[in-house]
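Written below as structure tokens is the structure these notes are about.
Chain naming here is simple, since letters A, B, ... match the order of the sequence lines and numbering starts at 1 in each. Below, each value reflects all heavy atoms present in this structure, side chains not excepted, and no hydrogens, waters or symmetry copies.
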Amino acid sequence: MQNDRVKSSRTITAQDSDMEVTVKGWVQEVRNLGGISFLIIRDRYGTVQVTAPKKKVPPELMSAISGIPRESVVEVKGMVKASSQVKSGYEIIPSEMNVLSMAQSPLPMGVVDKVSVEMDTRFNHRFMDLRKPETRAVIEIKSLALELLGEYMRSQDFVEMFTPKIVASGAEGGASLFEIKYFDKKAYLAQSPQLYKQMMMATGLDRVYEIGPAFRAELSDTVRHVSEFISFDAEIAFIESQRDVMDVMEGVTHHIFKGVAERGKEHLEKMGVEVKVPRLPYPIMTYSDALELVRETGLTLKEGDDLGTEGEKVIGDIMKEKGFDMYWFVEYPEDAKPFYIMEKDGTPYSYSFDLDYKGQEMASGGQREHRYERLVQRMVKKGLDPKDFEFYLNPFAYGMPPHGGFGLGIERFVVKMLDLPNIREAILFPRDRNRLVP
RNA sequence: GCCCUGGUAGUGUAGCGGCCUAUCAUGAAGCCCUGUCGAGGCUUCGACUCGGGUUCAAAUCCCGACCAGGGCGCCA
């Protein structure tokens, strides 16, 4: 079958009536009614129906069609006919079919079966799971979100950069690092580009961002944790305050929300989801305000305590009632924040923020400590040895502008935007404490 | 790491000491059917996670292992 008009379910229409076309895809199902058979072929964009009436189709082709196992890959050549009896408005009367790849039977899981499939089964057979349009739509939207993200950041003069994922030390100490063998040395998988993106602030590349994997060896086992996720990091030099960083985050998230709602319609429909675009600017509450708010609901929290998962959810509910999905927490206690965060002098707080979306932490950031002496002091205070971070500290000794930045978990963002129940839904092959295959 | 819940045909489930030769759906195989689109009808196939224990008797109760789902802490 060469030199034909190859069409996908997206490009073929009733306008192609009486034209010969070739379609390729997976056999979603065959409905054999005796004198007439219907073959539903699925591709990336949808399905097309091949209709084979006994009196118009040779017997060999009839039996080939009714005998093809589901999920086999085929190409079918035939004549397009407009028909009011088909939902799409057209059907294909076949003249030829090639089986490009025969599927074994039974299938490890059904693609269109009327029974639900457990998550574990789905992820064990992820390729099959991803044949479902609603599963694939998540991946399409993640791709669209990243496209929009890049679009916005470049429009704001950011430079996209790539920092090493094989590193000699982590940003927050050792606990959550994956150790690997690096020739005859010990190395780690990067848990964050934190140190490297800050070093860039000393170069003249004053606005940088990176999209890349981050690895965390945390023993967390929840719907919002995985061992490998895609982190969106940015860093900005010559800021006046952390507000400059927050402005960028509001801009980029807004651009993504709007773009997904507008350009992602086709995929959102497949999932039966609508994306609400949060209003700008996002409301701000200080850590102390948030603590008070949580206390009012009866949860007992001490000054300095983390809000906790429950506290975050409580505030998510309160903010939702007020009509806010996205909101800021600012000025966390400095001792709850990493060494590179700038202290708010004369208080126990820091120039830091978290961005929460629907009751869940999505991103965090703040103004960094750019003063060499103060930075070293904070390292020591956090129990780190400045000698281990010489490569990082050096740039601070030779002209480092004030700067700040953030890190945002792409999958957390996508999952909340689409109201999915588990972060794994937004990852092709999730890695967690128990899952390493496929 | 801790806590809770659960592991039954390819898939999803019911059964929770003897009525189990294990339910139903989906699927697969076969037959009937010329307009299906959750097609319909008939027939057939296919399962108790593993290892100990209790008991006359275990899918069912107990212990352990393994696996899964959810929660907590931590975080993005």
Strand-adjacent residues in [range], judged by heavy atoms under 4.0 Å from RNA chain B:
{"range": "residues 110-126 of chain A", "answer": "Asp113(A), Lys114(A), Val115(A), Ser116(A), Val117(A), Glu118(A), Asp120(A), Thr121(A)"}
{"range": "residues 39-50 of chain A", "answer": "Gln49(A)"}
{"range": "residues 223-235 of chain A", "answer": "Val223(A), Arg224(A), His225(A), Val226(A), Phe229(A)"}

If you count the non-hydrogen atoms of other residues, nucleotides and ligands that lie under 6.0 Å from [atom1] in [X], is the total more than 12?
{"X": "Glu296(A)", "atom1": "CD", "answer": "yes"}
{"X": "Glu310(A)", "atom1": "CD", "answer": "no"}
{"X": "Lys382(A)", "atom1": "NZ", "answer": "yes"}
{"X": "Met102(A)", "atom1": "CE", "answer": "no"}
{"X": "Lys320(A)", "atom1": "NZ", "answer": "no"}
{"X": "Glu274(A)", "atom1": "CD", "answer": "no"}
{"X": "Leu100(A)", "atom1": "CG", "answer": "yes"}

Do [X] and [Y] pair up side chain to side chain, a donor and an acceptor below 3.5 Å, judged on atom types alone?
{"X": "Ser364(A)", "Y": "Tyr332(A)", "value": "no"}
{"X": "Tyr392(A)", "Y": "Gln198(A)", "value": "yes"}
{"X": "Asn124(A)", "Y": "Thr121(A)", "value": "no"}

Next on the checklist: Ring-plane angle category for Tyr357(A) and Phe413(A), please: parallel below 30°, perpendicular beyond 60°, tilted otherwise.
Outcome noted: tilted

Next on the checklist: Ring-plane angle category for Phe232(A) and Phe406(A), please: parallel below 30°, perpendicular beyond 60°, tilted otherwise.
Outcome noted: perpendicular

Output the rounded distance in Å from [atom1] ([X]) to [atom2] ([N]).
{"X": "Leu420(A)", "N": "G69(B)", "atom1": "CG", "atom2": "C1'", "answer": "17 Å"}
{"X": "Arg433(A)", "N": "C72(B)", "atom1": "CZ", "atom2": "P", "answer": "15 Å"}
{"X": "Leu33(A)", "N": "C33(B)", "atom1": "CG", "atom2": "C1'", "answer": "7 Å"}
{"X": "Tyr90(A)", "N": "G35(B)", "atom1": "OH", "atom2": "C1'", "answer": "17 Å"}
{"X": "Asn32(A)", "N": "A29(B)", "atom1": "CG", "atom2": "P", "answer": "12 Å"}

Is [X] touching bases, backbone alone, or none of the nucleic acid, heavy atoms closer than 4.0 Å?
{"X": "Glu29(A)", "value": "sugar-phosphate"}
{"X": "Ser83(A)", "value": "base"}
{"X": "Ile423(A)", "value": "base"}
{"X": "Glu312(A)", "value": "base"}
{"X": "Asp221(A)", "value": "base"}
{"X": "Lys56(A)", "value": "nothing"}

Next on the checklist: Between G46(B) and C24(B), how far apart are the two P atoms, rounded to whole Å?
Outcome noted: 15 Å

Item to check | P gap between C45(B) and U13(B), integer Å | outcome: 25 Å

Item to check | Identified pairing partner of A68(B), criterion: Watson-Crick or G-U wobble below 3.5 Å | outcome: U5(B)

Checklist outcome for this item: Pairing partner of C61(B), by Watson-Crick or G-U wobble and under 3.5 Å for both distances, is G53(B)

